[in-house]
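Reviewing the structure listed below.
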2 protein chains.
Amino acid sequence: MALLDYDPYARDCPSRQLLDRIGDRWTVLVVGLLEDGPLRFSELSRRVDGISQKMLTQTLRALEADGLVLRTAFPEIPPRVEYELTALGRSLLDPLHVLVAWATENMGEVQAARDRATAA
Amino acid sequence: MALLDYDPYARDCPSRQLLDRIGDRWTVLVVGLLEDGPLRFSELSRRVDGISQKMLTQTLRALEADGLVLRTAFPEIPPRVEYELTALGRSLLDPLHVLVAWATENMGEVQAARDRATAA
DNA sequence: CTGTATCCATGTGGATACTG
DNA sequence: CAGTATCCACATGGATACAG
């Protein structure tokens, strides 16, 4: 399959939509943390060091709207909310792992190229 | 391998750097166009419909600096410049194809989830 | 604890004009 | 043809304050 089977400007271009989603700073980090099981909002907030409450909420809302993450609010006081990957969300892990594997194997070479470019 | 083997805030986190690169609007489109062989600047400009000269230049410069694309300027008048994927650049095609395959198979379900979320 | 609302600094990217 | 330089509108995201 070619990389560009779809018009990248059409709203329904799957590649474009996916890249828009995983391209932002936090989405992949949150998905990665949820790989091993459900986590509470506060736990995510601690583990994704540096994320603001605003961006964590925004990221989780987007993932939930996309059907990648399930949000469960327990009717307790104080409130407890857990987030976990859906089956669809878990199915995204494999492609992400492939990408991470590429990065791990090749970013050294990329960095070397960057250093050469900077020196020149 | 876990998705988060590296500190995502460290400069040398491969995953973060790769996602920063492919997350932008144009990089993947340009790489995809170069999959079938070298192209001139003007040809890329036409094929990546909607891209501004500024962003095309910026994207190509970044890809070149990362060692993913090779730039060849021919000493002619008028000038002719060709861009092509390096071996490193071509090695990125497989992971991208995996991602595109996931998107093609699953974005329908994602869209359905979005529709449900919008309706609610 | 789990958010929402608001303000504001910063970065991104498009349009335009100009150059070798 | 293949860029560079500049201006500017807009989106992104952090900080802060507040609420259920």
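Within every chain, numbering begins at 1; the chains are lettered A, B, ... in the order of the sequence lines, protein sequences first and strands thereafter.
Q111(A) and R116(A) share no side-chain donor-acceptor pair at under 3.5 Å.
Remark: side-chain polar atoms of S15(B) are not paired, donor with acceptor, to backbone N or O of V100(A) under 3.5 angstrom. Remark: side-chain polar atoms of S91(A) are paired, donor with acceptor, to backbone N or O of L88(A) under 3.5 angstrom. No donor-acceptor pair closer than 3.5 Å links the side chain of S45(A) to the backbone N or O of F41(A).
Here the nucleotide nearest the side chain of F41(B), chosen from dA2(D), dG3(C), dG14(C), is dA2(D). Of the candidates dG3(C), dC1(C), dG14(D), the closest approach to any side-chain atom of P79(A) belongs to dC1(C). Closest approach to the K54(B) side chain among dA2(D), dG3(C), dT6(D) is made by dT6(D) (side chain taken as heavy atoms from C-beta onward).
For the pair R25(B) CZ and dT12(D) C1', the computed distance is 16 Å after rounding to whole Å. One can place CZ of R71(A) at 16 Å from P of dC1(C), the figure rounded to the nearest angstrom. Counting to the nearest Å, the P atom of dA2(D) and the CE atom of M55(B) are 19 Å from each other. The separation between I77(B) atom CD1 and dG20(C) atom C1' is 9 Å, rounded to whole Å. What separates CD of Q53(A) from C1' of dG14(D) is a distance of 12 Å, to the nearest Å. The CG atom of L60(B) sits 11 Å away from the P atom of dT4(D) (whole-angstrom rounding). Counting to the nearest Å, the P atom of dA5(C) and the CZ atom of R61(A) are 11 Å from each other. dA11(D) atom P lies 19 Å from atom CG of D24(B), rounded to whole Å.
Side-chain nitrogen and oxygen atoms of S42(B) include at least one within less than 4.0 Å of the OP1 or OP2 phosphate oxygen of dA2(D). In this model, the phosphate group of dT2(C) is not approached by any side-chain N or O of T57(A) to a distance below 4.0 Å at OP1 or OP2.
For the side chain to side chain contact (heavy atoms under 4.5 Å, CB included) with L85(B), the qualifying choice from L68(B), L93(B), D36(B) is L93(B), the only one to do so.
Across all strands shown, Y83(A) has heavy atoms under 4.0 Å from sugar-phosphate atoms exclusively, and none from any base.
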